[in-house]
Amino acid sequence: MDIRQRASVDLPSPKMLIGYVRMGLLARVNTRSILARLAAGLVCSCLTAASYAQVATKAVPAEIPDLQVDEQSEALTKGLEMEKERLWSEAVRHYETVSRDFPKNATLYQRLIISRLHYDVNRRYQDESYLASLRELSTSQALDLYSEVLANLNTHYVDNIDWQRVMVHGTAALEVALTEEKFTGRMLANVPADRIEAFRQSIHRKTRSRSTATRFDLRGTVAFVAQVAGRELGLSGTATVLEFLGGTVSTLDPYTRLLSPNQLDEMFSNIEGNFVGLGIELKTDGDCLQILSVIPKGPAEESGILAGERIVRVEKAHTDDVAPDVVADLLRGPENTYVSLTVIGKNDQPREMSVQRRRVEVPCVENVRFVNIDKRVGYLRLTNFQKTTTRDVERALRDLHKQGMKSLIIDLRGNPGGLLSAAVEIADRFLHSGKIVTTRGRNTRENFEYMAHATNTWSVPLVVLIDHDSASASEIFAGAIADSKRGAIIGETSYGKGSVQGIFRMDTAKFGLCLTTAKFYSPSGRAISRKGVIPTIEVEPSYIAARPNDSGELTSDLEDTVLQKAMEHFNATTPTGSSIANRNTDRSTNRSSNRGVVAGNQ
């Protein structure tokens with residue numbers, strides 16, 4: 001996702017991110033008949049299969065091969081079981097995966113929307129900054145925030161806005177919230193359940209006849225529902241409006257979302273390359289959080305935490321009771337405070353720990369070394385694209401060059417993206433001329449072509465490693481290298497996150513809007529969305545060198561089959577020396593110099 005950093009919606013030169021959806025750098029830390037029978041009680045009334053189909057953007061093809069029908073039915077059944085157990089995090093991940101496999105299946109897409117609404121309301125009501133805003137904002141202020149967000153959608157969103165669809169999804173979000181204990185327990189603790197349910201069932205009927213022709217109509221309808229909810233349930237008008245707002249934003253596409261005050265601060269910390277946290281990178285792994293890496297000199301390393309270990313408890317939340325990514329959220333907190341956790345070591349023995357949260361500088365370049373000393377094959381792993389990426393990559397290249405580097409492997413596996421400007425600048429280091437990437441949006445201000453320059457270009461033979469988690473900014477870099485035939489791309493097809501998001505700071509409240517504003521295309525004009533970058537040499541994915549395997553053991557170079565294939569590729573070619581030319585500092589011909597751009601996570 002591309003993120004543009006906007007202090008206000010009027011800023012002409014925003015910072016942009018492409019696909020930033022890591023688990024947060026705090027802990028770097030993304031058959032219709034069956035539906036009708038099994039989804040009763042799980043679907044809010046306005047999003048039944050019949051009514052939602054009228055506004056869904058996906059359509060089920062008229063004919064589907066029998067095998068695919070069986071696979072899709074199985075995928076739906078599995079997802080509905082997760083919904084029945086209210087495992088919303090798992091359901092979202094499941095539906096995201098199968099929706100990519102079957103992009104024309106409207107039912108799977110609908111279930112993704114429903115599950116995301118449930119997941120979002122639970123996560124919002126565990127976010128202290130969101131809850132503080134809920135207490136502080138008046139209904140009028142919340143409505144102004146809603147109007148400001150709609151104005152941004154109207155001006156900047158990549159596609160034309162269907163205001164009816166926006167209203168349907170906002171209404172659905174409120175209906176979903178009224179079924180979730182975290183919402184009702186906090187906002188409607190003394191209201192009988194049957195009264196809540198009667199109101200929930202009536203929302204769609206109360207709003208059905210109201211106009212959705214303009215965004216101003218939507219504000220009027222939301223104000224009306226807030227008034228009725230207050231009268232019939234005693235529900236806070238602010239809570240009602242914010243649910244409409246959350247549903248409006250989170251259902252537009254997988255990458256657009258409302259950012260709470262804490263999430264907004266964390267987003268900009270990610271861009272800057274530092275954050276307040278423990279200094280660990282995590283991934284969800286069943287019923288635990290696996291530690292992928294530990295940042296040197298961070299509080300986690302100083303506390304003896306190691307890559308490959310697992311976190312099973314944070315404060316009072318255990319990962320076998322609460323979704324692991326929700327548990328990961330609890331690692332966040334103010335600087336210099338302490339967090340209590342249970343860590344399972346490689347010997348399967350638990351350790352109870354209290355670790356201080358501190359500001360941590362996040363390295364985006366790691367494991368810089370020679371993977372073949374004799375042939376001087378250099379290697380660096382690029383974990384994300386942030387403000388410091390160009391500096392850090394240049395430093396690594398110069399260090400390897402001084403030691404006689406003759407060829408280079410850049411590892412983008414697992415890299416979710418980051419700053420667009422950083423991706424463009426790194427690609428420019430390896431391309432003499434031609435396009436790097438093109439962006440196109442509904443607003444013509446989103447249309448740019450980023451070009452390479454001959455100055456300061458490295459001519460070292462190059463291989464780029466990618467996998468299905470290489471996304472966004474990673475795909476900009478890999479796509480530019482692939483289309484220009486500058487080097488070999490080895491691994492598996494990348495994620496296919498080909499859209500650009502802008503981060504907009506709201507004026508009416510300390511909220512942010514991460515909004516999809518454009519799509520990007522490789523130099524040949526190929527769309528990246530849903531297609532990804534296709535490797536020139538395809539290799540089945542393996543464990544990544546120096547990263548933990550499923551057993552928590554660090555993977556060796558020999559066990560990394562993708563890395564081994566890259567070295568075989570160099571063995572089959574004649575390595576040449578690398579060289580660096582003088583660089584012309586005048587970059588006026590490159591439009592990227594006018595815009596800070598981030599390529600984020602998938």
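Put simply, the side chain of Pro535 reaches to within 4.5 Å of the side chain of Thr493, judged on heavy atoms. No side-chain heavy atom of Lys531 sits under 4.5 Å from any side-chain heavy atom of Ile528. Taking the side chain as every heavy atom from C-beta outward, Arg376 and Leu400 never approach each other to under 4.5 Å. Within the 4.5 Å cutoff, the side chain of Pro103 has heavy atoms near those of the Arg530 side chain. At a threshold of 4.5 Å between non-hydrogen side-chain atoms, the residues Leu431 and Thr457 do not count as touching. Here the side chains of Val368 and Arg381 are not in contact, with every heavy-atom distance at 4.5 Å or above. Looking at heavy atoms from C-beta onward, Trp458 lies in side-chain contact with Arg429 at the 4.5 angstrom threshold. When side chains are defined from C-beta on, Leu306 does not count as touching Val294, because their heavy atoms never get closer than 4.5 Å.
The cationic group of Arg357 does not satisfy the cation-pi geometry with Phe275, failing either the under 6.0 Å distance to the six-membered ring centre or the 45° limit from the ring axis. Both the sub-6.0 Å distance and the 45° axial angle are satisfied by Lys497 relative to the ring of Tyr255.
When the side chain to side chain contact (heavy atoms under 4.5 Å, CB included) test is applied to Gln356, the partners found at least two apart in sequence or on another chain are Asn336, Tyr338, Arg358. By the side chain to side chain contact (heavy atoms under 4.5 Å, CB included) test, Asp348 pairs with Arg310, Ile344, sequence neighbours left out. Remark: Val322 engages Ala317, Val326, Val327 in a side chain to side chain contact (heavy atoms under 4.5 Å, CB included) (not counting sequence neighbours).
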Start with the C-alpha distance between Ser522 and Asp483, add both sets of side-chain angles, then the distance that settles side-chain hydrogen bond (donor to acceptor under 3.5 Å, both in side chains), and finish with yes or no. CA-CA 7 Å; Ser522 73; Asp483 281 9; 2.6 Å; yes
Worked verdict on Glu540 versus Lys565 for side-chain contact (heavy atoms from CB on, under 4.5 Å): CA-CA 10 Å; Glu540 286 293 317; Lys565 178 61 72 172; over 6 Å; no
Between Asp428 and His453, is the side-chain contact (heavy atoms from CB on, under 4.5 Å) condition met? List the steps. CA-CA 6 Å; Asp428 197 10; His453 303 79; 3.2 Å; yes
Run the numbers on Gln386 and Ile271 for side-chain contact (heavy atoms from CB on, under 4.5 Å), then give the verdict. CA-CA 5 Å; Gln386 59 194 35; Ile271 294 170; over 6 Å; no
Step by step, work out the side-chain contact (heavy atoms from CB on, under 4.5 Å) result for Phe477 and Phe430. CA-CA 10 Å; Phe477 178 80; Phe430 296 95; 4.0 Å; yes
Run Arg93 and Ser89 through side-chain hydrogen bond (donor to acceptor under 3.5 Å, both in side chains) and show every step you take. CA-CA 6 Å; Arg93 283 196 292 268; Ser89 175; 3.0 Å; yes
side-chain hydrogen bond (donor to acceptor under 3.5 Å, both in side chains), that's the test. Do Ser542 and Thr561 meet it? Break it down for me. CA-CA 6 Å; Ser542 66; Thr561 57; 3.3 Å; yes
Is there a salt bridge (charged side-chain N to carboxylate O under 4.0 Å, His left out) between Arg351 and Glu309 once you walk through the steps? CA-CA 11 Å; Arg351 306 196 306 277; Glu309 295 186 325; 2.9 Å; yes
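For Asn415 (side chain) and Ser474 (main-chain N/O), no donor-acceptor pair under 3.5 Å exists by modelled atom type.
For the residue pair Thr389 and Asp392, no side-chain donor N or O sits within less than 3.5 Å of a side-chain acceptor on the partner. In this model, a donor atom of one side chain and an acceptor atom of the other lie less than 3.5 Å apart for Thr516 and Thr256.
The two residues Glu272 and Lys387 come nearest to each other via the heavy atoms OE2-NZ, 2.8 Å. Considering all non-hydrogen atoms of both residues, Pro334 and Val276 come closest at C-CG1, 4.2 Å. Taking each heavy atom of Phe102 and Leu108 in turn, the nearest pair found is CD1-CD1, 4.1 Å. Nearest heavy-atom pair, Pro548 versus Leu554, reported as atom, atom and distance to 0.1 Å: N-CD2, 3.9 Å. Considering all non-hydrogen atoms of both residues, Gly279 and Ala300 come closest at O-CB, 4.1 Å. Residues Val339 and Glu315 approach most closely at CA-OE2, 3.4 Å, considering heavy atoms.
Ionic pairing of Arg313 and Glu352 is present here: one or more N-O contacts between side-chain nitrogen and carboxylate oxygen are shorter than 4.0 angstrom. Ion pairing between Glu394 and Arg398 holds under the 4.0 Å rule for side-chain N and carboxylate O. Classification of Glu90 and Lys78 as a salt-bridged pair fails, no side-chain N sitting under 4.0 Å from a carboxylate O. With salt bridges taken as basic N to acidic carboxylate O contacts below 4.0 Å, one links Arg123 and Asp329. At a threshold of 4.0 Å, the pair Glu449-Arg440 counts as salt-bridged, since one of the basic side-chain nitrogens sits closer than that to a carboxylate oxygen. Between Glu425 and Arg391, none of the side-chain N atoms (NZ, or NE/NH1/NH2) sits under 4.0 Å from a carboxylate O, so this pair counts as no salt bridge. With respect to the salt-bridge test (charged N to carboxylate O, under 4.0 angstrom), the residues Asp560 and Arg413 qualify.
Atom CD of Glu301 sits about 10.0 Å away from atom CD1 of Ile295, to the nearest 0.5 Å. For the atom pair CD1 of Ile291 and CD1 of Ile280, the computed distance is 5.0 Å after rounding to the nearest 0.5 Å. Here the CG atom belonging to Leu563 is positioned 9.5 Å from the OG atom belonging to Ser556, to the nearest 0.5 angstrom. Note that the OG1 atom of Thr383 and the CG atom of Asn367 stand 11.5 Å from one another [nearest 0.5 Å]. Expressed to the nearest 0.5 Å, how far CZ of Arg100 lies from CG of Leu112 amounts to 12.0 Å. Taken from CG in Asp411 to CG in Leu380, the straight-line distance is 8.5 Å, to the nearest 0.5 Å.
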